[in-house]
Amino acid sequence: MTTDTTTKTPEPAAVPAPGAAPGKKRAAGGHRRLLTRRDRFTLAVMAGVPTVLHVILVWVTALASILLAFTTWDGIGFDSIKWVGLDNFRQLLTDNPQFWPAVQHNVVWFVVLILIPTPFGLFLAVQLDKRIRFSRVYQTAFFLPVVISMACIGFVWQLVYNPDTGLINSIIGANEPGHYIDWIGDPDLNLWAVLIAASWRHTGYMMILYLAGLKSVDPSLREASALDGAGEWQTFKNVIFPTLRPTNTVVLVVTIIEALRAFDLVFVFNKGAQGTELLSILVTNNIIGESSRIGYGSAIAVVLLVISLAVIIPYLIATFRKERRA
């Protein structure tokens, strides 16, 4: 009697797929999505709404203003828009007695801002960069006017320039009858009075910009200059100031923009009359005035835009070329 013995060969164990961790099941449906549908909708709203508002309120209005500069429109109904070509610009350059004084005042505004508060802001930044005591308090005090709106600054300086109870007239004794100095009403004084108030604010703005630039200067440059025996002024002139070229570019562009868009302070003082005419005031008076001339006001706005671009773009191109060569 024979007994058949069957020998079974054990089956090989299953080899896990490459990249698959043992003991872990692959997530159903492939990779897990990091963002849910609600998250994507929220991000779309957060990014889309500001973008749409920016395009509508900035780009669309700017292009519409450029187109309206070649038309006449009283702002009542789109049917009243009439194409006039370059007549608005021709009338602006030849028949408007306020245009060229306004251009001159804008130029004076820029020259004063670039020559007085900008160097003074740089001086304050250099002093505060030395880490003197209470430097944070000084920074706050000098930067505070930048935080305040220009309209509020105008109201404050109106009190300072008041002929009867103003601070300046009280100090110099010009608040008595027959000795009044009308800082706001005198056409020979009011522009300079407004520029003092604008410079007071602009100084703090420049101080913060230059202070940020000084913080980015490599300390090894100062140490190397000190080892070479250079004094404080020589170090600043030959080492530190050349490294502030990007900051100087920002400062120049900001100053040009501040000079061309000056409006709030002058409007609060005397609404741009009697020696304080500015291009921005002319734009507002023609668009929002009693006799609305939107096409003519848009032509002034286009001239203002062209002046700003004609100054800023060539300077930026020259600056970027120098940086590429360096």
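One-based numbering along the sequence shown. Computed over heavy atoms, backbone and side chain alike; hydrogens, waters and symmetry mates excluded.
The closest side-chain heavy-atom distance from Lys237 to Trp233 is below 4.5 Å. Under the 4.5 Å side-chain criterion, counting only non-hydrogen atoms from C-beta, Ile181 is not in contact with Asp186.
Judged as a salt bridge (charged side-chain N to carboxylate O under 4.0 Å, His left out), the pairs with a partner in residues 195-208 (not counting sequence neighbours) are, in order, Arg201-Glu258. Residues in residues 264-283 take part in no salt bridge (charged side-chain N to carboxylate O under 4.0 Å, His left out) pair, two or more places apart or across chains.
Under the ring-ring contact (aromatic ring centres under 6.0 Å, His included) criterion, Phe134 pairs with no residue, sequence neighbours left out. Considering only residues two or more places apart in sequence or on other chains, Trp109 meets the ring-ring contact (aromatic ring centres under 6.0 Å, His included) condition with none of them. For Phe263, the ring-ring contact (aromatic ring centres under 6.0 Å, His included) test picks out Phe267, with sequence neighbours left out. In this structure Ser65 satisfies the side chain to side chain donor-acceptor pair (under 3.5 Å) test with no other residue, sequence neighbours excluded.
Taking the six-membered ring where the residue is Trp, Phe123 and Phe120 present parallel rings, their angle staying beneath 30° rather than reaching 60°. In this pair, Trp157 and Trp200 present their aromatic rings perpendicular. The plane angle is above 60°, beyond the 30 to 60° band.
Taking each heavy atom of Ala125 and Met207 in turn, the nearest pair found is CB-O, 3.6 Å.
Taking the centre of each ring, Phe70 and Phe89 come in below the 6.0 Å mark.
Residue-environment remark: CH2 (Trp83) exceeds the threshold of 12 foreign heavy atoms within 6.0 Å.
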**OP:** In sequence, state the C-alpha distance, the side-chain angles, and the governing distance for Lys130 and Glu232, and then conclude on salt bridge (charged side-chain N to carboxylate O under 4.0 Å, His left out).
**Re:** CA-CA 11 Å; Lys130 297 178 181 179; Glu232 184 176 355; 2.6 Å; yes

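Taking 4.0 Å as the cut-off between side-chain N and carboxylate O, Arg293 and Asp74 do not count as a salt-bridged pair.
Residues Tyr210 and Asn248 bring a donor and an acceptor atom of their side chains to less than 3.5 Å of each other.
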